[in-house]
Amino acid sequence: MIVTGCQSDQDKVASAPTAMLKMAPPADARRVGIWQGGPEPVSGKLYSGIAVYYQVLAPVVGKPFDLVLRFEDVTGEDASVQLSASDGARLVAQAGGLSWRLGAGHASQLVMKVIAAPGDSYIHLMTSQNGRHTARSIALSLPSTTGKRAAGYRAGDDKDASGEPIVRMQAQPQK
């Protein structure tokens with residue numbers, strides 16, 4: 001038997017707060033410049049379907065810099081994104097907080113102020129639409145003059161089959 005999806009009272013409760021979130025600003029219809037990221041690779045998992053693109057603008061260790069996030073392929077009226085940081089990175093809280101609704105049928109864009117420690121640190125995005133969630137991480141690798149790891153380094157250098165570092169993070173959105 002194959003189950004492709006289900007609806008429960010828990011799903012309804014989890015989606016109710018989305019209406020209270022601030023709407024992310026709409027973006028230009030086309031991406032201009034060099035962007036990283038993109039649609040989530042096909043893995044056989046049910047994912048949110050939201051394509052995440054990003055630009056890290058002039059990162060400097062210990063000083064605020066801009067991280068531009070762009071969200072495309074949004075179709076669900078319940079679409080949202082929640083941000084968090086780990087391993088020495090910090091998001092500078094703004095009026096909108098760290099969670100936003102995403103508008104269906106058009107791209108949205110956020111410009112976040114980030115402070116990162118030397119070494120590897122991460123910004124985590126939890127996107128959600130139509131009751132499906134996807135967790136993605138953006139690696140911030142800033143130079144270290146001492147060769148030390150980031151402040152929050154957890155002493156794990158695990159890599160996946162393609163040689164990329166494995167970043168451990170929360171798998172469900174916080175309520």
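These numbers were taken from a predicted model, which means no experiment stands behind them.
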Intermediate values then yes/no, side chain to side chain contact (heavy atoms under 4.5 Å, CB included), Asp78 and Asn130:
CA-CA 6 Å; Asp78 64 337; Asn130 300 321; 3.8 Å; yes

Which is it for His124 and Ser137 under the side-chain hydrogen bond (donor to acceptor under 3.5 Å, both in side chains) test, yes or no, and what are the steps along the way?
CA-CA 4 Å; His124 307 292; Ser137 297; 2.7 Å; yes

Tell me, with the steps shown, if Thr134 and Ile50 meet side chain to side chain contact (heavy atoms under 4.5 Å, CB included).
CA-CA 8 Å; Thr134 298; Ile50 298 172; over 6 Å; no

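Side-chain contact between Pro25 and Leu110: present, with at least one pair of heavy atoms (C-beta onward) separated by less than 4.5 Å. At a threshold of 4.5 Å between non-hydrogen side-chain atoms, the residues His106 and Ser108 count as touching. Looking at Ile138 and Leu69, their side chains come closer than 4.5 Å, going by heavy atoms from C-beta outward. Put simply, the side chain of Leu91 reaches to within 4.5 Å of the side chain of Leu98, judged on heavy atoms. In this structure, the side chains of Ser80 and Phe71 stay at 4.5 Å or more apart for every pair of heavy atoms. Annotation: side chain of Ile123 is in contact with side chain of Leu67 (closest heavy-atom distance under 4.5 Å). For the pair Phe65 and Val56, the minimum side-chain heavy-atom distance is below 4.5 Å. The shortest distance between side-chain heavy atoms of Thr75 and Gln129 falls below 4.5 Å.
Separating the CD atom in Gln36 from the CD atom in Gln55 is a distance of 9.0 Å, to the nearest 0.5 Å. Expressed to the nearest 0.5 Å, how far CG of Leu125 lies from OH of Tyr54 amounts to 10.0 Å. Atom CD of residue Glu77 and atom CG of residue Leu102 lie 11.5 Å apart, to the nearest 0.5 angstrom. From Leu21, atom CG reaches atom CZ of Arg101 across 7.5 Å, with rounding to the nearest 0.5 Å.
Residue pairs meeting the salt bridge (Lys or Arg N to Asp or Glu O under 4.0 Å) criterion with at least one partner in residues 121-130, sequence neighbours excluded, do not occur; the list is empty. Counting only residues at least two apart or in different chains, salt bridge (Lys or Arg N to Asp or Glu O under 4.0 Å) contacts with residues 26-35 comprise Arg31-Glu72. For residues 55-66, the pairs satisfying salt bridge (Lys or Arg N to Asp or Glu O under 4.0 Å) are Asp66-Lys113, with sequence neighbours left out.
Ser121 and Ser86 make their closest contact through CB-O, 3.6 Å (heavy atoms, listed as atom of the first residue, atom of the second, distance). Here the closest non-hydrogen pair linking Ala116 and Leu140 is CB-CD1, 4.2 Å. Contact record, Gly103 with Val74: O-CG1, 3.4 Å, taken as the closest heavy-atom pair.
Hydrophobic clustering, with ILVMFWY side chains joined whenever heavy atoms are under 4.5 angstrom apart, keeps Val60 apart from Val92.
The side chain to side chain donor-acceptor pair (under 3.5 Å) check on Tyr47 picks up nothing, with sequence neighbours excluded. For Gln109, the side chain to side chain contact (heavy atoms under 4.5 Å, CB included) criterion is met by Ala27, Trp35, Val68, Arg70, not counting sequence neighbours. Here Asp73 pairs with Ala51 under the side chain to side chain contact (heavy atoms under 4.5 Å, CB included) rule; sequence neighbours left out.
A donor-acceptor pair under 3.5 Å is absent between the side-chain atoms of Asp87 and the main chain of Tyr122, judged by distance alone.
The closest side-chain donor-acceptor pair between Ser48 and His133, if any, does not fall under 3.5 angstrom.
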